Amino acid sequence: MPGKDRWGRDWAGWALDTAVQRGASYADVRIISERHRAVSTKNGKAGTVADNETLGLGIRVIVDGAWGFAATDRLARTSIDRAAVHAVAIARASAQVRRQPLRLAPVDAYQAVWHSPCEQDPFAIPVDRNLELLLAVDRELRSVSGVTLAEAEMDFRRIRQLFVSSIGSEIDQTRVLSGAGYAATSFSESEIQRRSYPNSFGGQFQLRGYELIDSLRLLDNARRVGEEAVALHQAPQCPQLTGTVILDSSQLGLQIHESIGHPIELDRVLGAEANFAGMSFLTLDQLGSLRYGSNLVNVVADATLDHGPGLGTFAFDDEGVPAQRTDIIREGRFVGYISSRETAHAIGQTRSNGCMRAESWNRIPLIRMTNISILPGEAPLGLEDLIADTADGVYMETNRSWSIDDKRYHFQFGCEAGWEIRGGKRVRLLKNPSYSGITTEFWNSMDAICSRDHWTLWGTPNCGKGQPQQTMGTGHGAAPARFRNVKIGGAYAAGS
Amino acid sequence: MPAEHLAAPQLDLDRARAREILAQALAASRADATEVTLHAAISALTRFANNAIHQNVAEEQTVLSVRAIWQGRTARATTNRLDAEGISAAADRALELARLQAPDPDLLPLPEPQSYPSVARSIAATAALSPADRADFVRQMVAVADAAGMTTAGVMANSQTAFAMANSRGLEAFHQETSAEYSVTMLAANSSGWAKGNSPDIAALDPAAGARAACEKAQASANPVEWAPGKYTVILEPAAVLDLLGFLFWDFGGLSVLDQRSCLTGRLGQQLFGRNIQVTDDVSHPLQSGAPFDGEGMPRLRVPLVEDGVVKNLVYARPTAARMQREQPAAGARPTGHGFPLPNEYGEAPLNIVVAGGDVSTQEMIASTPKGILVTRLWYIREVDPYRKILTGMTRDGTFRIENGRIAGGIRNFRFNQSVIELLQNVELLGPSVRASGEESFDMVVPALKVRDFHFTEVTKF
């Protein structure tokens with residue numbers, strides 16, 4: 001029950017009333033208050049130290065069987081009424097160029113208040129404590145001779161969202177997200193090398209409070225990361241060959257994101273993103289029949305807290321649909337898309353599986369990944385066991401570049417560091433490792449995945465989609481895994 | 001109520017109103033020195049797919065940002081709460097964040113008042129586009145698709161923005177502009193085509209013509225054949241050039257060279273590109289957009305970046321120029337007005353790129369090519385190697401084989417792994433420079449290029 005806290009209820013009520021009076025057959029309102037803190041250091045000094053807050057309202061309506069949406073940060077009654085009227089006018093314009101009226105899968109009305117688990121409020125931690133840790137990491141990175149650039153960062157968000165719809169839902173959710181990471185860059189002669197921890201492009205992000213930062217052991221790993229960045233200059237180039245690749249869990253998380261998470265978005269499959277993000281090779285006729293991967297490949301879309309504190313974890317999506325777990329790939333077979341109320345009927349479903357998410361109050365919800373995760377192997381298997389079980393291959397760690405075509409068939413990834421495996425042992429560091437392939441061929445070549453104790457729920461904070469573009473955080477649970485007959489080293493195929 | 005009866009909302013932040021709010025924010029600050037910015041926008045975007053409008057949105061927002069300087073420390077707080085309480089809270093948060101830092105001996109005082117070049121980029125007709133107007137443009141594009149039996153998707157968008165800043169030393173700056181944009185994809189059975197246009201002035205755009213061009217590309221690339229990966233002569237249309245070069249120009253920031261993360265580290269003054277490459281950053285160019293001042297309020301100067309293939313200059317924010325003057329006084333660095341809002345760790349970048357073109361039409365380039373590939377657009381470009389500047393990505397939405405000086409048909413899309421530095425060494429012909437718009441980079445003024453030995457490494461399945 002919503003209790004006594006009336007935050008946002010009046011604003012939402014004004015918007016809904018106006019929209020319905022103007023002819024909306026359905027309307028929902030999202031009011032969001034977000035606070036964001038970004039702190040970074042670079043080469044011994046503070047970099048960004050910034051605190052942002054935003055508060056606003058977005059109203060989505062259906063009129064004449066078509067969508068309209070308007071958003072405002074002016075929360076006086078006249079401004080909210082004007083936004084609702086504008087949304088209705090936009091929907092009427094949409095109806096001028098439509099083929100069929102919208103059809104939404106039903107959803108129950110919910111009244112709920114939900115807070116994500118948060119042991120330590122990151123906004124209660126003074127920024128000097130943030131800087132103290134980041135600068136300690138920075139010193140450790142730069143204590144390694146050859147490190148020319150040390151960068152470290154932290155990022156915190158608290159997002160409160162009230163969702164109210166014309167069918168009677170009133171859902172008040174608060175999510176706290178934290179992230180941190182760092183990178184050591186080494187320039188030498190004609191080469192730039194970099195190592196990052198715990199992941200590249202900002203580090204690790206989860207739906208947790210400051211306890212995430214404490215758990216990452218940032219300082220403990222800094223010297224090793226600095227040393228590896230410098231050592232890469234002396235390492236041989238990763239060769240071009242077709243062979244065995246073992247991926248660390250963070251790289252496998254991004255591999256899932258690009259080659260499973262995006263192609264299963266049902267709006268993309270149906271053409272809604274054709275002009276920008278692209279479409280998908282996963283046409284509707286392949287549901288239930290496509291052999292996506294080997295028998296070891298089991299993938300779920302899981303927004304529930306049972307799956308873990310991921311960036312894709314919530315209680316309700318932005319259409320008021322409860323968080324769910326959906327099987328995507330079961331023992332290698334493609335069995336599920338991620339959907340919305342508008343698209344569910346396209347795959348014969350009567351309900352959305354709850355994957356509509358919006359960046360903020362000023363954006364409409366789109367079908368977005370929740371936590372798209374590969375399930376770990378059942379038999380106990382660690383990374384070192386997996387390497388010991390591999391005669392020849394390359395172990396690759398930490399993403400450096402990623403690219404995939406607009407139907408999500410052909411991909412190429414570069415990693416920060418590779419290790420040559422010979423006779424079950426890591427024999428030497430390799431620089432500039434990369435691999436490429438065709439999505440289904442790659443996943444069908446997976447013949448081993450490590451067990452639960454090596455599985456990590458990674459956060460990808462920067463997934464882009466939609467026009468105007470929206471940035472969304474997604475979660476990807478993964479464990480180190482092995483792939484056979486992979487094309488290695490193609491990114492440097494042009495030679496020197 | 002018919003949609004056409006609702007006029008488009010109009011931005012109400014003029015120079016006088018902006019000055020009033022900024023003065024209020026400066027007065028609310030208890031810092032030693034304060035910089036405040038105000039950014040207001042009304043934007044709308046109508047999106048279509050499967051020959052129908054499927055998403056249609058509008059938003060209005062005004063954001064105030066306060067940068068406090070206190071005893072050699074600085075920090076920033078941003079809010080969209082513009083009542084007295086919200087403004088004061090932002091000023092207090094910025095000061096609080098600044099107080100909790102160690103002093104920075106290199107922190108500069110705020111700049112004094114500046115004068116700026118005049119740019120006129122706010123067009124009433126663009127601001128006035130209503131939901132019904134956008135729907136009419138979409139209807140025109142859909143009609144092209146319907147007539148050709150194709151499926152179409154795209155956007156029609158317009159926006160109005162105003163950006164104002166002031167600081168406690170008396171600096172004031174104000175800029176407003178409009179933007180109109182369309183993008184259209186045409187999907188045929190096994191091929192596609194694409195076109196996009198962007199301008200401050202809706203009168204400069206012809207979305208229906210773009211739709212026809214995209215339609216012709218989809219028709220001409222039907223039934224694509226597969227060519228083996230390898231090095232080919234390519235003709236890159238302006239959008240493809242733009243999206244590749246967009247990854248290069250971040251390296252022209254002075255701080256990126258000082259940080260040794262730029263591919264220009266150790267290469268200034270060298271003959272890095274072909275002698276036919278000339279690049280300038282010029283905010284006043286008639287095909288450019290954006291404000292004539294940077295994140296600290298410094299005027300954006302015209303900077304020749306590349307002359308006859310030699311990297312001549314970088315761009316500098318004030319703090320970077322000051323550091324350069326300390327560390328490399330012989331370089332003669334001065335602020336060029338390309339800094340990002342402070343504090344930040346990236347420094348600056350040229351964002352008004354103009355690449356000088358030639359007079360060779362795309363048709364003439366095709367006619368001069370015995371065997372090659374015409375590329376409409378690139379996609380999902382990422383940096384593989386930061387110093388050699390190897391980029392990877394895919395071709396998309398209109399890739400053609402050229403045989404014996406003519407378009408011979410469509411070709412399956414390739415993955416490329418190509419050094420942009422080497423690309424600019426291998427330019428054989430240049431077309432006229434145009435304002436180009438892509439998806440991977442900010443808009444630029446660039447020509448089409450004919451380039452030898454462009455390296456395609458793999459091919460996809462469509």
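All values derive from a computational prediction rather than experimental measurement. Below, chains carry the letters A, B, ... as their sequence lines are ordered, and counting in each starts from 1. Worth knowing before you read on, the calculation uses all heavy atoms, side chains too, and leaves out hydrogens, waters and symmetry mates.
- The salt bridge (Lys or Arg N to Asp or Glu O under 4.0 Å) search around A:K45 returns B:D104, B:D106, not counting sequence neighbours.
- In this structure, a donor-acceptor pair under 3.5 Å is present between the side chains of B:N417 and A:Q412.
- Using a 4.0 Å cut-off between a side-chain N of Lys or Arg and a carboxylate O of Asp or Glu, B:R47 and A:E273 qualify as a salt bridge.
- For the 3.5 Å distance criterion, the side chains of B:Y380 and A:D406 fail to qualify, holding no donor opposite an acceptor.
- Under the 3.5 Å distance criterion, with hydrogens and angles disregarded, no donor-acceptor pair is assigned to the side chains of A:T48 and B:N344.
- B:R261 and A:T185 form no side-chain donor-acceptor contact under 3.5 Å, judged by distance and modelled atom types alone.
- The closest side-chain donor-acceptor pair between B:E458 and A:S436 falls under 3.5 angstrom.
- Taking the centre of each ring, A:F281 and B:F462 stay at or above the 6.0 Å mark.
- In this structure, no portion of B:V63 lies under 4.5 Å from any heavy atom of chain A.
- Contact of B:L45 with chain A is made through the side chain alone, with heavy-atom distances under 4.5 Å.
- When heavy atoms are compared at a cutoff of 4.5 Å, B:D385 approaches chain A by way of both its backbone and its side chain.
- Interface residue B:Q61: backbone and side-chain heavy atoms are both found under 4.5 Å from chain A.
- Partners of B:E181 under the side-chain contact (heavy atoms from CB on, under 4.5 Å) rule, at least two apart in sequence or in another chain, are B:K196, B:N198, B:S437.
- Only the side chain of B:V142 has a heavy atom closer than 4.5 Å to any heavy atom of chain A.
- Residue A:R35 touches chain B through its side chain alone, counting heavy-atom pairs closer than 4.5 Å.
- A donor-acceptor pair under 3.5 Å is absent between the side-chain atoms of A:R99 and the main chain of B:N50, judged by distance alone.
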